[in-house]
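First comes the structure, then the notes that go with it.
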Amino acid sequence: NLDFGTRFIPTKLVEGKEGMIHIFAKKGTSLVPEKIPGLTVTSLDSKIIRVLNVKDSESGFVSEVSVKGVKAGTTKLFLA
């Protein structure tokens, strides 16, 4: 079974700024060069973080998710 790995750029998102989340397939602690078809990313509270766009990187093995910090707070993002 494969899991999702993530990398946040920047590591902390602040109000009014945009960021990027790289999402990739992994097995245990190892990265797996496998595409993630039809990835959906949803914010539990879009008043805190808004998901702007989900696209594949040039390699196709990393999904790039553009997000925007709308206001201060804590929320979760769901990957499916």
Candidate list Leu77, Thr74, Ile21, test side-chain contact (heavy atoms from CB on, under 4.5 Å), partner Ile49, passing option: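 So, applying the side-chain contact (heavy atoms from CB on, under 4.5 Å) to Ile49 and each of Leu77, Thr74, Ile21, only Leu77 qualifies.
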
Out of curiosity, [X] [atom1] to [Y] [atom2], how far, rounded to the nearest 0.5 Å?
{"X": "Met20", "Y": "Ser57", "atom1": "CE", "atom2": "OG", "answer": "10.0 Å"}
{"X": "Thr11", "Y": "Arg7", "atom1": "OG1", "atom2": "CZ", "answer": "10.5 Å"}
{"X": "Thr6", "Y": "Asp3", "atom1": "OG1", "atom2": "CG", "answer": "11.5 Å"}
{"X": "Glu58", "Y": "Glu64", "atom1": "CD", "atom2": "CD", "answer": "8.0 Å"}
{"X": "Ser46", "Y": "Lys68", "atom1": "OG", "atom2": "NZ", "answer": "13.0 Å"}

Given side chains that start at C-beta, do those of [X] and [Y] come closer than 4.5 Å, heavy atoms only?
{"X": "Leu79", "Y": "Ile36", "result": "no"}
{"X": "Phe78", "Y": "Leu44", "result": "yes"}
{"X": "Ser43", "Y": "Thr75", "result": "yes"}
{"X": "Phe4", "Y": "Lys26", "result": "no"}

Thr42: what forms a side-chain contact (heavy atoms from CB on, under 4.5 Å) with it, not counting sequence neighbours? Thr40

Sorted by chain and number, sequence neighbours left out, side-chain contact (heavy atoms from CB on, under 4.5 Å) with Glu34 holds for Leu2, Ala25, Val32

Indicate the atoms forming the closest heavy-atom contact of [X] with [Y], along with that distance.
{"X": "Val62", "Y": "His22", "answer": "CG1-CB, 3.7 Å"}
{"X": "Asp56", "Y": "Ser63", "answer": "OD1-OG, 3.6 Å"}
{"X": "Ile23", "Y": "Val65", "answer": "CD1-CG2, 3.5 Å"}
{"X": "Gly19", "Y": "Pro10", "answer": "CA-CD, 4.1 Å"}
{"X": "Glu18", "Y": "Leu13", "answer": "C-CD1, 3.8 Å"}

Those residues that, when tested against Thr29, pass side-chain hydrogen bond (donor to acceptor under 3.5 Å, both in side chains) (two or more places apart):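 Partners of Thr29 by the side-chain hydrogen bond (donor to acceptor under 3.5 Å, both in side chains) criterion come out as none, since no residue qualifies.
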
Hydrophobic cluster membership, Val67 vs Ile48, 4.5 Å side-chain cutoff: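 Yes, one cluster joins them.
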
Under a 4.5 Å side-chain heavy-atom rule over Ile, Leu, Val, Met, Phe, Trp and Tyr, are Leu52 and Leu39 clustered together?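 Hydrophobic grouping puts Leu52 apart from Leu39.
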
Could you walk me through whether Lys47 and Val70 pass the side-chain contact (heavy atoms from CB on, under 4.5 Å) test, one step at a time? CA-CA 6 Å; Lys47 293 177 185 171; Val70 180; 5.5 Å; no

